2 protein chains.
Amino acid sequence: MDHTTAEARLLDAADALFYERGIQAVGMDAIRQASGVSLKRTYQLFPSKEHLVEAVLRRRDRAIREQISAYTSARATPAERVLAVFDYLYDWFGQPDFRGCAFINSFAELGPASANVVDIVRAHKQAVADHLAALVAAAGRSPALAAQLLVLANGAMVTAAIVGSPEPARDARAAAQRLLDADPAT
Amino acid sequence: MDHTTAEARLLDAADALFYERGIQAVGMDAIRQASGVSLKRTYQLFPSKEHLVEAVLRRRDRAIREQISAYTSARATPAERVLAVFDYLYDWFGQPDFRGCAFINSFAELGPASANVVDIVRAHKQAVADHLAALVAAAGRSPALAAQLLVLANGAMVTAAIVGSPEPARDARAAAQRLLDADPAT
DNA sequence: GCAACCGGAGAACGAACGTTCTCTCGATGT
DNA sequence: ACATCGAGAGAACGTTCGTTCTCCGGTTGC
């Protein structure tokens with residue numbers, strides 16, 4: 001197994017385990033078993049568990065932003081592109097292994113102890129907020145609306161995770177639709 | 001120190017430490033030091049750390065619901081009582097030790113490992129949702145609006161925690177105001 | 001064929017933590 | 001005054017975990 005596939009296997013295994021069980025609950029040995037990469041190799045690629053956690057979060061940040069872009073860019077009108085964010089959420093929440101937003105979860109678990117994790121989580125949420133703000137601006141709506149829609153999106157993630165249902169995405173989408181209607185294009 | 005004050009000191013110290021540093025990051029010895037209650041007494045009152053965690057969450061559930069009731073019942077009209085929930089959030093987020101919602105954080109940290117914690121978190125969010133639904137119904141609005149406002153409230157909590165600002169409460173309140181306006185009383 | 005090296009498996013190590021135990025002291029009842 | 005009980009301080013125990021080390025087998029270059 002070469003360098004890059006070992007790294008990919010590690011990131012895949014760690015990402016899945018961290019998301020499913022929580023970061024602190026997953027030992028390095030579980031990652032070794034799931035990835036098939038020895039501990040020695042693992043510590044050559046990532047000098048500590050925290051480095052691995054940060055790499056996992058950074059990769060997930062890129063993947064999520066690409067997914068959101070795929071959803072929004074597939075729609076025809078600016079308003080539809082805004083609402084597509086909430087369709088993305090609904091599809092995500094319906095996946096059987098959905099356990100909430102990994103960034104919100106990591107922030108809750110490691111925020112008090114790890115400034116690096118806080119920075120990564122903040123950067124991710126800021127990037128999503130920027131994307132949403134661009135879509136809202138393209139639809140001719142106000143920045144205030146973008147802030148409101150970000151709150152709706154984050155709220156849908158935690159509410160869906162806790163109640164164990166994808167419906168909060170529909171609630172958030174309905175609210176977003178009404179807010180779009182109530183914030184007429186300039 | 002008698003039975004009940006020892007219990008109160010333990011719950012106070014554990015609640016503050018769990019909220020500030022996360023549950024898994026706080027050892028029983030830190031709780032002993034902060035509370036002044038010996039480990040022996042602690043284990044007589046709470047047979048395990050998990051029992052203590054659950055007691056802390058249940059007490060916080062009661063306290064938060066009382067605070068919300070105090071905010072909402074102080075307003076004159078049904079619509080104002082709905083919006084008072086978001087004023088409560090703004091005041092809460094502005095407190096210097098604000099670190100997000102303890103229930104959302106506990107769910108993220110212990111949800112995969114503790115079904116009891118999941119039950120307590122779900123019950124808390126359901127109780128808040130019920131309260132909100134009653135206020136919305138009293139204002140003559142639809143249950144769908146109540147679901148949307150719950151998403152807004154939860155989203156304000158996580159967004160404010162991550163960005164480190166109370167402003168998301170204002171964003172959520174503005175959205176709630178518009179949604180109330182767009183959902184006219186029956 | 002052989003020696004040198006790289007990587008894997010798993011033991012080992014040190015720290016942290018939840019929980020229990022020991023020892024001692026002070027209070028209480030008679 | 002004295003015996004008894006309960007509680008506190010802190011050591012101790014067993015486990016888990018992050019990280020490192022050891023040993024060994026296979027591969028590669030001559």
Side-chain angles (χ1 to χ4, degrees), chain A residues 1-57 105-106 108-117 120, chain B residues 1-57 105-106 108-117 120:
Chain A
M1 193 191 312
D2 73 343
H3 193 90
T4 61
T5 62
E7 184 172 313
R9 282 202 193 196
L10 272 174
L11 291 172
D12 284 345
D15 190 42
L17 288 171
F18 289 160
Y19 185 65
E20 178 184 340
R21 305 186 202 166
I23 292 171
Q24 302 186 79
V26 173
M28 295 300 283
D29 208 62
I31 295 170
R32 178 183 65 96
Q33 189 177 347
S35 66
V37 177
S38 72
L39 282 180
K40 185 181 249 180
R41 239 341 195 155
T42 300
Y43 277 93
Q44 284 170 0
L45 293 167
F46 302 98
S48 74
K49 185 182 179 182
E50 181 158 1
H51 282 80
L52 177 58
V53 169
E54 292 166 18
V56 163
L57 289 177
N105 293 347
S106 300
E109 211 181 329
L110 303 177
S114 169
N116 286 338
V117 167
I120 293 169
Chain B
M1 193 191 310
D2 74 344
H3 193 89
T4 61
T5 64
E7 184 171 312
R9 281 201 192 197
L10 273 174
L11 291 172
D12 285 344
D15 191 43
L17 289 171
F18 289 160
Y19 184 65
E20 179 185 339
R21 305 186 202 166
I23 293 171
Q24 301 186 81
V26 173
M28 295 300 282
D29 208 62
I31 295 171
R32 178 184 68 97
Q33 190 177 347
S35 67
V37 177
S38 70
L39 283 179
K40 184 180 249 179
R41 203 97 115 105
T42 300
Y43 277 92
Q44 284 170 359
L45 293 168
F46 302 99
S48 74
K49 186 183 180 181
E50 181 157 359
H51 282 81
L52 178 57
V53 169
E54 291 166 18
V56 164
L57 289 178
N105 293 347
S106 301
E109 210 181 329
L110 303 177
S114 169
N116 286 338
V117 167
I120 293 169

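Every chain is numbered from 1 and lettered A, B, ... according to where its sequence line falls, protein lines coming before strand lines. Remember, it's a predicted structure, so these values are computed and weren't measured experimentally.
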Q. Between residues 9-38 of chain A and DNA chain C, which residues have a heavy-atom gap below 4.0 Å?
A. A:S38
Q.
Could you report the tightest heavy-atom contact between B:S48 and B:Y43, atom names first, then the distance?
A. CA-CE2, 4.0 Å
Q. Between which nucleotides of DNA chain D, 5' to 3', does chain B make heavy-atom contacts below 4.0 Å?
A. D:dA7 to D:dG8
Q: Considering non-hydrogen atoms only, spot the tightest contact between B:P112 and A:G22 and give its length.
A: CG-N, 4.1 Å
Q | Interface with DNA chain C, restricted to residues 40-50 of chain B and to heavy atoms under 4.0 Å | A | B:K40, B:Y43, B:S48, B:K49
Q. Can you tell me how far the CG atom of A:N105 sits from the OH atom of A:Y19, to the nearest 0.5 Å?
A. 7.0 Å
Q: Can you measure from CG (A:L11) to CG (A:L52) and round to the nearest 0.5 angstrom?
A: 6.5 Å
Q: List the atom of A:A14, the atom of A:I31, and the distance in Å for their closest heavy-atom pair.
A: CB-CD1, 4.1 Å
Q: Go through the structure and list residues passing salt bridge (Lys or Arg N to Asp or Glu O under 4.0 Å) with B:E7, not counting sequence neighbours.
A: none
Q. Of the non-hydrogen atoms in A:V26 and A:K49, which two are nearest, and what is the gap between them?
A. O-NZ, 2.8 Å
**Q.** Verdict with supporting geometry, A:I23 and A:V56, side chain to side chain contact (heavy atoms under 4.5 Å, CB included)
**A.** CA-CA 11 Å; A:I23 292 171; A:V56 163; over 6 Å; no
Q.
Per the salt bridge (Lys or Arg N to Asp or Glu O under 4.0 Å) rule, what does the pair list look like for residues 13-27 of chain A, sequence neighbours excluded?
A. A:D15-A:R60
Q.
According to salt bridge (Lys or Arg N to Asp or Glu O under 4.0 Å), does anything in residues 30-44 of chain B pair up with another residue at least two apart or in another chain? List the pairs.
A. B:D29-B:R32
